Amino acid sequence: MANVIDFSKDSETVARALIGTTVLIDGVGGRIVETEAYDREDPASHSFSGPTPRNAVMFGPPGRVYVYRSYGIHWCLNFVCREEGHGAGVLIRAIEPTHGIDRMRERRGVEDVRLLCSGPGRLCQAMGVTRDFNGLPLDAPPFELIVPGRRAKTVSGPRIGISKAIDVPWRFGLAGSMYVSRPFR
DNA sequence: TCGAAGATTAGCT
DNA sequence: GCTAATCTTCGAT
């Protein structure tokens, strides 16, 4: 089991394993360089207060996509993990663009490759992620995951933009990457 | 029904 | 560094 992601593991493990993995939607995307883990027993998680219409997908089978609206403006992309019914997930915060860069430039309206996907809202705009993707399985088109043979070197730190559990170091990044949304220290 | 908060970003000082 | 933009969600009334 070296070149697939085991989404039945806990969110921290999956968040680490995803660093370095390439994710494509209709052939557009790149290498994941930043993730954050969320869990049912986690005050900062959407699933903390139990199932609601919005977070229903988080309580479904692992290996699916959970998409939500952020600040009424942006979309954010998550992968569901742990066993069905648990309510855990991993937020994809940044990717290094490698496939379909021109397509992403069109959708974002910016030239600088560093600004295409360095943030959860930005990468969703670049990859065309909307509510329509909510609940879709990751092992079927339009999704494609390409897991590298060897494990990427990761760094970790506190999560961004939350007001609860602010000290939990469940933000992970590819060491030395210049495509993360904010530097690690 | 009402209202407050939010896993963000871009643009300006 | 600070703040406006923008609107859905959910718990409380």
Side-chain angles (χ1 to χ4, degrees), chain A residues 7 10-19 21 23 25 30 32-60 62 64-82 86-97 104-136 138 154-174 177-185:
Chain A
F7 286 103
D10 62 279
S11 50
E12 183 181 354
T13 298
V14 174
R16 274 187 188 281
L18 283 171
I19 299 297
T21 298
V23 56
I25 299 178
I32 297 172
V33 296
E34 184 181 344
T35 60
E36 282 180 3
Y38 290 88
D39 191 82
R40 175 66 192 269
E41 286 83 35
D42 169 14
S45 173
H46 286 174
S47 59
F48 182 65
S49 299
T52 66
R54 176 177 66 161
N55 67 23
V57 173
M58 286 187 81
F59 290 89
R64 294 203 180 177
V65 169
Y66 167 49
V67 179
Y68 69 89
R69 195 86 145 136
S70 177
Y71 288 88
I73 304 169
H74 310 286
W75 298 105
C76 288
L77 177 67
N78 300 254
F79 296 165
V80 177
C81 57
R82 276 236 195 192
H86 185 89
V90 174
L91 171 68
I92 310 303
R93 285 194 57 89
I95 69 172
E96 172 185 336
M104 293 195 272
R105 283 204 174 105
E106 284 175 26
R107 295 201 268 227
R108 290 271 299 125
V110 298
E111 287 296 311
D112 192 339
V113 180
R114 292 202 207 186
L115 297 179
L116 288 181
C117 299
S118 57
R122 288 169 173 170
L123 76 87
C124 283
Q125 186 183 19
M127 295 174 73
V129 173
T130 68
R131 159 137 291 173
D132 294 341
F133 291 81
N134 195 38
L136 294 183
L138 281 164
T154 65
V155 290
S156 63
R159 293 171 292 182
I160 292 177
I162 56 175
S163 59
K164 297 167 183 171
I166 57 175
D167 293 328
V168 179
W170 277 2
R171 174 180 179 235
F172 303 97
L174 179 64
S177 174
M178 60 181 183
Y179 296 94
V180 295
S181 63
R182 289 167 59 168
F184 286 80
R185 58 147 301 161

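Letters go in sequence order (proteins before strands), and every chain restarts at 1. Model, not experiment: these values are computed from the prediction.
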S.K.: Strictly under 4.0 angstrom, non-hydrogen atoms only: write out the protein contact profile of nucleotides 8-13 of chain C, one letter per nucleotide from the 5' end, B, S or -.
M.R.: -SS---
S.K.: Do A:R105 side-chain atoms and A:E111 backbone N/O form a donor-acceptor pair below 3.5 Å?
M.R.: yes
S.K.: Between A:R108 and A:A44, which has a closest nucleotide on DNA chain B that is more 5'?
M.R.: A:A44
S.K.: Please report the distance, rounded to the nearest Å, between CZ in A:F172 and P in B:dA7.
M.R.: 18 Å
S.K.: Identify all stems in which DNA chain C takes part, counting only runs of at least 3 consecutive pairs (Watson-Crick or G-U wobble, each distance under 3.5 Å), and give each as one range with another, ordered by first number.
M.R.: B:1-6 with C:7-12, B:8-12 with C:1-5
S.K.: Could you state the interatomic distance from CZ (A:R93) to CG (A:L18), rounded to the nearest 0.5 Å?
M.R.: 14.5 Å
S.K.: 5'-most contact on DNA chain B: A:H46 or A:V110, nearest heavy atom basis?
M.R.: A:H46
S.K.: Are any of A:R93's side-chain N or O atoms less than 4.0 Å away from OP1 or OP2 of B:dT8?
M.R.: yes
S.K.: Only one of A:R159, A:R82, A:K164 clears salt bridge (Lys or Arg N to Asp or Glu O under 4.0 Å) with A:D42; which?
M.R.: A:R159
S.K.: Does a donor on one side chain sit under 3.5 Å from an acceptor on the other, for A:S181 and A:E34?
M.R.: yes
S.K.: Closest to the A:S163 side chain: B:dA7, B:dA10, B:dG6?
M.R.: B:dG6
S.K.: For the residue pair A:S118 / A:R114, report whether a side-chain donor-acceptor contact shorter than 3.5 Å exists.
M.R.: no
S.K.: Under the criterion side-chain contact (heavy atoms from CB on, under 4.5 Å), which of A:V90, A:L123, A:I95 is the partner of A:I32?
M.R.: A:I95
S.K.: To the nearest Å, give me how far apart CG (A:L18) and P (B:dA7) are.
M.R.: 20 Å
S.K.: Would you mind reading off the distance between A:D112 atom CG and B:dT9 atom C1', rounded to a whole angstrom?
M.R.: 15 Å
S.K.: Please report, rounded to the nearest Å, how far the C1' atom of B:dA7 is from the CZ atom of A:R122.
M.R.: 15 Å
S.K.: Can you tell me how far P of B:dA7 sits from CZ of A:F79, to the nearest Å?
M.R.: 19 Å
S.K.: Determine the contact category for A:S181: base if any of its heavy atoms lies under 4.0 Å from a base atom, sugar-phosphate if only primed atoms, P, OP1 or OP2 are that close, otherwise nothing.
M.R.: nothing
S.K.: Ignoring hydrogens and angles, state whether a donor on the side chain of A:R107 or A:Q125 is under 3.5 Å from an acceptor on the partner side chain.
M.R.: no
S.K.: Output the rounded distance in Å from CG (A:L91) to C1' (B:dG6).
M.R.: 13 Å
S.K.: Starting from the C-alpha separation in whole Å, work towards a yes-or-no answer on side chain to side chain contact (heavy atoms under 4.5 Å, CB included) for A:E12 and A:D39.
M.R.: CA-CA 9 Å; A:E12 183 181 354; A:D39 191 82; over 6 Å; no
S.K.: Where do A:R64 and A:G135 come nearest, in terms of heavy atoms and distance?
M.R.: CD-O, 3.2 Å
S.K.: Looking at every strand, decide which applies to A:I162 at a 4.0 Å heavy-atom threshold: base, sugar-phosphate, or nothing.
M.R.: sugar-phosphate
S.K.: Using whole Å, report how far CD1 of A:I160 lies from P of B:dG6.
M.R.: 16 Å
S.K.: What contact category does A:R182 fall into here, base, sugar-phosphate, or nothing, at under 4.0 angstrom with non-hydrogen atoms?
M.R.: nothing
S.K.: Return the nearest nucleotide to the side chain of A:H74; candidates are B:dA10, C:dA5, B:dT9.
M.R.: B:dT9
S.K.: Less than 3.5 Å between a donor and an acceptor, one on the side chain of A:Y71 and one on the base of C:dA5, is that the case here?
M.R.: no
S.K.: Might you confirm whether atom CZ of A:R108 has over 12 heavy atoms from other residues, nucleotides or ligands at distances under 6.0 Å?
M.R.: yes
S.K.: Take atom CG of A:L77 and atom C1' of B:dT9, then tell me their distance rounded to the nearest Å.
M.R.: 17 Å
